[in-house]
Structure formats: C-alpha cells, structure tokens
Q: 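After the structure tokens below, expect a handful of questions from me.
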Amino acid sequence: MNQIHIMEDTLANKIAAGEVVERPASIVKELVENAIDAQSTKIEVSLIEAGLTSIRVTDNGKGMSEADAIRCFERHATSKITNEHDLFRIRTLGFRGEALASIAAVSKVSLWTSDGVEGAVVEIEGGKVLKYEPGALRKGTDFHIQHVFFNTPARLKYMKTIQTELGHTIDLVNRLALSHPNISFTLTHDHHEILRTSGSGDILRVLSDIYGVAVARKMIPFQKEDADFKVKGFITLPEMTRASKNYISLLMNGRWIKSYAGTQAAIDAMHTYLPIGRFPIAVIDITADPILTDVNVHPAKRHIRISKEGELFSLIKEAIKEAIQGVTIIPDAVKKEKPITRDSEQQTIWTPPYRRPEVTIPLHEHETQPTSTPVEEPIIEQPSPVFPEAIFESQEDSVPEEPVVAQKQQERNHFPSIVPVGQVHGTYIVAQNEDGFYLIDQHAAQERIKYEYFKVKLGQVDASERQQLLLPLVFHYSADEQVKIEECKSALEEVGVFLEAFGPATYTVKEYPAWFPEGQATSIIEEMIEQVLEKRKVDIEKLREESAIMMSCKKSIKANYYLRQEDMERLLTDLGACHNPYTCPHGRPVLIHFTTYELEKMFKRVM
Ligand code: ADP
Ligand code: MG
C-alpha cells in the first residue's frame with residue numbers, strides 16, 4: 001500500500017516557518033532585508049509589545065506589481081535568482097523565496113504595495129487569503145504582521161520576556177543600520193522612537209546614532225586591502241571598551257555575519273592594549289567577490305563560508321593594528337592614576353569616615369557573616385614550609401559564647417592585639433605582640449577595610465547622604481543596552497545610582513551617595529552599569545558584593561608607599577574592626593604570623 005503523499009503547502013510552510021520565524025526579531029530581519037533588497041532609502045520598523053502584538057515595516061523601495069503582491073507569499077517565490085549560476089553571485093540579502101510564505105503561514109499579514117504603476121492590498125491569515133484587491137499608487141511597500149505565532153501557541157509559551165525580544169530586535173536593527181549607512185532607519189517601540197539614522201552614508205554617524213557621540217568620538221578608522229578582500233571600518237581606542245565581544249560587528253558585502261575568527265582577529269589586533277576581559281566596539285566592513293563566499297549554509301544566512309579565510313583574518317588584524325599603532329594612546333588626564341608618591345603628607349591613608357558599629361554588633365551577627373561566599377574564604381598561601389602557622393587558622397575556632405555584645409574586636413574575630421614596629425619596602429607592615437611577629441600586606445589590608453565599609457553602605461543607601469551635582473554626569477548607552485538598564489533600574493537605585501533618561505542613548509545622574517570614593521563617581525557608576533549589562537538576571541546581593549569589591553580596589557594605598565607610625569596604627573585598628581580581617585576581598589591573605597616558638601626554633605634557641 002502506498003503511504004507517501006505530498007504535503008499540503010500550508011502544512012509545509014508552517015514547518016518551514018520554524019526555521020525562519022524563531023522570534024519577532026527574525027521576522028523583522030526578513031522584512032527589513034527585503035526592503036533593503038528593494039533598494040529602499042528609508043525603512044521604518046514599528047513594534048508593539050516587542051513585535052509579539054504587531055510588527056510593521058514600511059519602505060520606499062521599488063514595490064511590487066499587483067500579481068507579485070500575491071505571488072510573493074508562495075513557497076520558492078523570489079525575484080532575486082533565476083538559475084544555478086546566480087547562486088554563486090548573490091548580491092541580495094534574500095534569495096531562498098521562503099520567508100514571506102513562512103511568515104504568512106503563522107500570522108496575520110496585511111500588505112500594501114505599489115511599483116508606481118500598479119498597487120495592491122493583500123490580507124492573509126494563517127496562510128489563507130482574506131483580501132486581494134487593487135490599491136493606491138504610492139511607490140513602496142508596507143508589511144503589517146499581527147497575531148504572530150497565534151496559530152502555534154506552544155511557541156508563544158517559550159517566548160522570553162518582552163524586554164528580551166525587544167533587545168534582540170534592537171541589536172538586529174543596529175547591525176542592519178551599520179551595514180547600510182546610506183539607508184535611513186527608524187525603529188519605534190510602543191510609539192516611542194528607539195533609533196533613527198540619517199542615511200547620510202557616513203558609518204561613523206551611524207555609530208554615533210547607535211552608541212552615542214561619546215563612543216563615536218573615541219573611534220578611529222582603519223582600512224586595508226589585498227587582491228581578494230577590502231577591509232575598512234572603525235574601532236574604539238583602548239580607553240573605550242566593553243565587557244562583551246558583542247559590540248564587534250562584521251559585515252560581508254553588506255550582510256551582517258557571525259564569525260568567531262573574524263571577531264578574534266580584531267581582538268588579537270588590540271592585544272596588550274586592552275585589559276583582560278575588555279573588548280573594543282568595532283565595525284568591520286569587508287568587501288569581496290561573492291564567488292569567494294557561500295551564504296547558503298544557514299537558513300537565516302548568519303554564518304557564511306569564506307574561501308581564503310586565513311588571509312582575510314590576517315588582513316583584518318593588520319588593518320586594525322596599523323591604525324592603533326598610528327595614534328598615541330594617552331587616556332583622559334582625569335582618569336590617570338596619581339603617580340606613586342613617597343611623600344606621606346601628600347597621600348594619606350584612607351580611613352572610614354564613620355566609626356564602625358563595633359560595640360553594637362551582637363555576637364550572633366558574626367555567625368551570619370557571609371563566610372560561605374567565595375571571597376570570604378581565606379586562600380592560604382604559606383610562603384614556605386619553614387614559615388609557620390598562618391594566622392587564618394585561628395579563624396576556625398568557635399566564637400566565645402558570651403551573652404554580652406562584643407566589646408573588643410578580638411572577641412569578635414580573634415584578631416590579635418598587635419603593635420606596628422616598622423615597614424618593609426614600603427609594602428608590608430611589621431607588627432608584634434607576645435605571640436611573635438606579623439607581616440601585614442598594607443594594600444590588601446586597606447582593600448579589606450574599604451570593602452567592608454562599602455558593603456555596609458551599599459546595603460543601606462540613605463537619601464540624606466547624597467552629593468548634589470551642579471552639572472549632572474552624562475552616560476551614553478545604545479538602545480539595546482538601555483532596554484537592559486531600564487529593566488535593572490531599581491537594582492541600580494538600591495546601590496545609590498539614580499539614572500534619568502535624557503534623550504536617545506543618554507542618561508544623566510544628578511546626585512550620588514556622598515560616600516562614593518572621591519573623584520571616582522563616574523567610573524563607579526559606569527562599572528555598576530556594566531555589571532548589570534553583563535548579567536542575564538540581576539541579583540541585588542551580587543551587585544552589592546561586586547560593587548563593594550570594585551570600590552575597594554579604587555585608589556587604595558599601593559605598595560611602595562611609606563606610612564607613618566600613626567598611619568600604621570590606624571590601619572591595624574581599622575583592620576581589627578573588620579568581620580574578616582584575614583583576607584582581602586579577592587581572597588588573598590592580609591597577614592602572616594611568625595610565632596615566637598618558630599623564631600626560637602629557627603635560631604636554634606629551642607629544639
Ligand atoms: P526572497 O527574499 O528570498 O526572495 P521572500 O519570501 O523574502 O524571498 O520574498 C519574496 C519576494 O517578494 C522577493 O523576492 C521580492 O520580489 C518580493 N518582496 C518582498 N518584500 C518586498 C519589498 N519590501 N519590496 C519589494 N518587493 C518585495
Ligand atoms: Mg527575503
């Protein structure tokens with residue numbers, strides 16, 4: 001008995017839709033790419049609820065005839081290739097002729113189009129034509145997609161939040177705008193404008209529309225070509241970096257592509273210029289004979305096959321390297337760290353501006369200290385086996401079960417009472433008591449003191465302790481970053497950062513907690529925002545923890561800095577007041593103990 005039959009078109013289209021229509025952003029991609037292929041100079045994308053409710057793409061391109069207006073929804077309907085030969089010289093973004101058929105299978109589509117000679121209006125729902133009639137003669141095309149995924153409800157369930165979907169679409173439109181600087185793009189969400197590019201053809205201007213002027217100002221151009229490839233673009237100077245590689249965009253013949261090796265080539269070119277974990281913002285525009293590329297390896301055409309790949313990646317690396325080497329890299333003077341000085345009058349040690357609540361902390365609170373978080377765990381790095389007993393061992397002893405509140409620090413954390421006797425290499429404090437002597441890493445000690453101070457402050461952001469600014473601080477973020485920032489705004493407010501939206505791609509801050517380390521507010525706020533941008537979900541406790549560590553690292557007394565006797569005493573008192581005085585926030589030891597017994601053993605005074 002024969003069992004095989006040919007699927008009905010509607011069913012086949014629905015199955016194919018799974019590949020093309022992953023999420024609202026993939027529909028926007030298909031519609032905008034069609035508009036680009038139709039030689040439009042102006043493309044408007046409007047979304048309602050991130051496109052889950054409605055997606056509208058309007059262009060001023062060449063439009064379609066009345067017959068094409070219905071034919072475009074058929075499977076394998078395309079005007080872009082006619083034979084196999086064309087497949088190797090593709091210059092358009094689309095060519096498979098399946099996007100519209102797939103989209104129409106899983107949504108309600110309304111189309112208005114005209115090639116200037118004829119016009120048509122078409123309405124299709126779930127693959128069925130509801131309306132097909134002549135329309136107005138305004139040249140261009142307008143696609144309106146509604147009830148996306150309405151007849152495949154399982155998919156809707158797996159949709160991430162509106163914010164996530166919107167983020168994907170903004171990222172996509174940013175890249176399409178970057179790859180087509182001569183087209184003016186507008187993106188609106190729930191009637192608010194998110195992005196507008198001028199279409200002037202100037203790629204730097206598009207970069208500025210997307211990432212803000214501040215970023216664009218820090219970008220330098222590069223350009224290089226060989227017999228097969230032409231590479232050009234812009235990259236940020238090493239002082240303007242991001243925590244993710246996602247800001248490096250690669251374009252191949254006007255198509256945004258994903259290429260791990262291509263991204264890596266840009267990063268390699270900046271090697272030694274960038275701090276670990278930081279990446280540039282860049283756009284790398286590659287032109288090549290289409291014969292060298294195969295775009296037909298992925299339905300969404302993001303990944304492409306490139307012949308002479310190695311050659312291309314070296315060319316990218318060389319182009320960027322030459323550009324970077326051609327400029328002198330002197331970061332803004334304000335950001336420059338003060339040179340290390342030996343004059344103790346000029347640089348005093350940092351002390352917490354308030355008295356620690358030492359006598360009010362009941363003993364049980366000590367038990368609830370976050371000793372389980374990794375940074376609190378002491379990493380015991382003993383210098384060598386001859387050097388005995390690191391002090392952290394005493395930490396494991398149980399806290400005395402006294403009914404009274406802690407009166408002295410020693411009772412809270414067993415921190416010994418020690419007296420400084422001097423300093424080694426301007427780096428380590430030597431201190432002593434009857435149990436032997438101690439070496440204290442002054443830099444690690446100060447980081448610990450600051451960390452605990454900021455941790456407390458970040459947990460109780462108080463409106464009365466605010467520094468008002470005459471001139472607000474200004475921050476620039478791209479629209480997709482803004483979406484994420486909006487989502488995390490309340491978490492940022494909990495750590496004292498109140499952002500106010502100020503036009504596209506810009507936020508201002510008019511006040512911040514007065515206890516932010518002096519002169520560092522901008523970089524602290526930037527780093528806090530980066531922390532939320534990196535995370536998929538923001539955990540307020542983690543944000544506090546990481547912010548406290550970040551703030552504790554700022555401007556601590558560094559090694560090679562001589563301290564006066566009273567500075568050392570103050571440092572040891574503050575250290576003793578810490579909940580965990582034994583390790584710095586990164587887990588390195590703060591002090592090492594040499595017992596009297598071990599000293600005597602080393603000098604053979606005892607056996
Ligand atoms: P493909 O882009 O692979 O050809 P699509 O299904 O995306 O397939 O589109 C089918 C055809 O519809 C295109 O080849 C083009 O002729 C026509 N078309 C789609 N969108 C537009 C538009 N915005 N302007 C003019 N023609 C369009
Ligand atoms: Mg297409």
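Order of listing sets the numbers, starting from 1, for every ligand and every atom in it. Only heavy atoms go into these numbers, but all of them, side chains included; no hydrogens, no water, no symmetry mates.
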Q: Do the charged groups of Lys542 and Glu546 touch, with an N to O distance under 4.0 Å?
A: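 Judged by the 4.0 Å cut-off on N to carboxylate O distance, Lys542 and Glu546 do not form a salt bridge.
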
Q: Give the numbers and elements of all ligand 1 atoms closer than 4.0 Å to a heavy atom of Ala99.
A: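 Those of ligand 1 that fall under 4.0 Å from Ala99 are 6 (O), 7 (O).
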
Q: Decide if atom NZ of Lys232 counts as having more than 12 heavy atoms of other residues, nucleotides or ligands within a radius under 6.0 Å.
A: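 Atom NZ in Lys232 is not packed in, count stays at 12 or less.
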
Q: Parallel, tilted or perpendicular: which describes the rings of Phe143 and Phe73, with under 30° parallel and over 60° perpendicular?
A: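 Plane angle over 60°, so perpendicular.
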
Q: Working to the nearest 0.5 Å, report the span between CH2 of Trp256 and CZ of Arg175.
A: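 CZ of Arg175 is found 4.5 Å from CH2 of Trp256.
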
Q: Regarding atom 19 (C) of ligand 1: of the candidates Ile103, Asp68, Asn34, which has the closest heavy atom?
A: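 Ranked by closest heavy atom to atom 19 (C) of ligand 1, first place is Asn34.
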
Q: Is there a nitrogen or oxygen of Asp37 sitting under 3.5 Å from a nitrogen or oxygen of ligand 1?
A: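 No: no nitrogen or oxygen of Asp37 is under 3.5 Å from one in ligand 1.
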
Q: Which of these, Arg75, Met64, Gln39, has its nearest heavy atom closest to atom 21 (C) of ligand 1?
A: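 Minimum heavy-atom distance to atom 21 (C) of ligand 1 goes to Met64.
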
Q: Which atom names give the shortest non-hydrogen contact between Ser547 and Gln531, and what distance separates them?
A: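 Nearest heavy atoms, Ser547 then Gln531: OG-OE1, 3.6 Å.
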
Q: Record the part of Ala38 in heavy-atom contact with ligand 1 below 4.0 Å; permitted values are side chain, backbone, both and neither.
A: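 The answer is the side chain.
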
Q: Using a heavy-atom cut-off of under 4.0 Å, does the side chain or the backbone of Thr141 touch ligand 1, or both, or neither?
A: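 Looking at Thr141 and ligand 1, just side chain atoms fall under 4.0 Å.
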
Q: Out of Glu534, Glu527, Glu526, Glu481, which one pairs with Arg242 under the salt bridge (Lys or Arg N to Asp or Glu O under 4.0 Å) rule?
A: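 For Arg242, the salt bridge (Lys or Arg N to Asp or Glu O under 4.0 Å) check succeeds only for Glu481.
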
Q: For Ile70 and Val122, work out which heavy atoms get closest and say how close.
A: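 Taking every non-hydrogen atom into account, CD1-CG1, 3.8 Å.
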
Q: Using a 4.0 Å cutoff against the non-hydrogen atoms of Phe143, which atoms of ligand 1 qualify?
A: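 Contacts of ligand 1 toward Phe143, numbered from 1: 20 (N).
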
Q: Is the closest N or O pair between Lys62 and ligand 1 shorter than 3.5 Å?
A: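 There is no such contact.
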
Q: Answer with yes or no whether Gly61 contacts ligand 1, where contact means a heavy atom under 4.0 Å from a ligand atom.
A: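 No.
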
Q: Is the shortest N/O to N/O distance between Cys72 and ligand 1 below 3.5 Å?
A: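 Looking only at distances, the answer is no, because the N/O contact criterion of under 3.5 Å is not met.
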
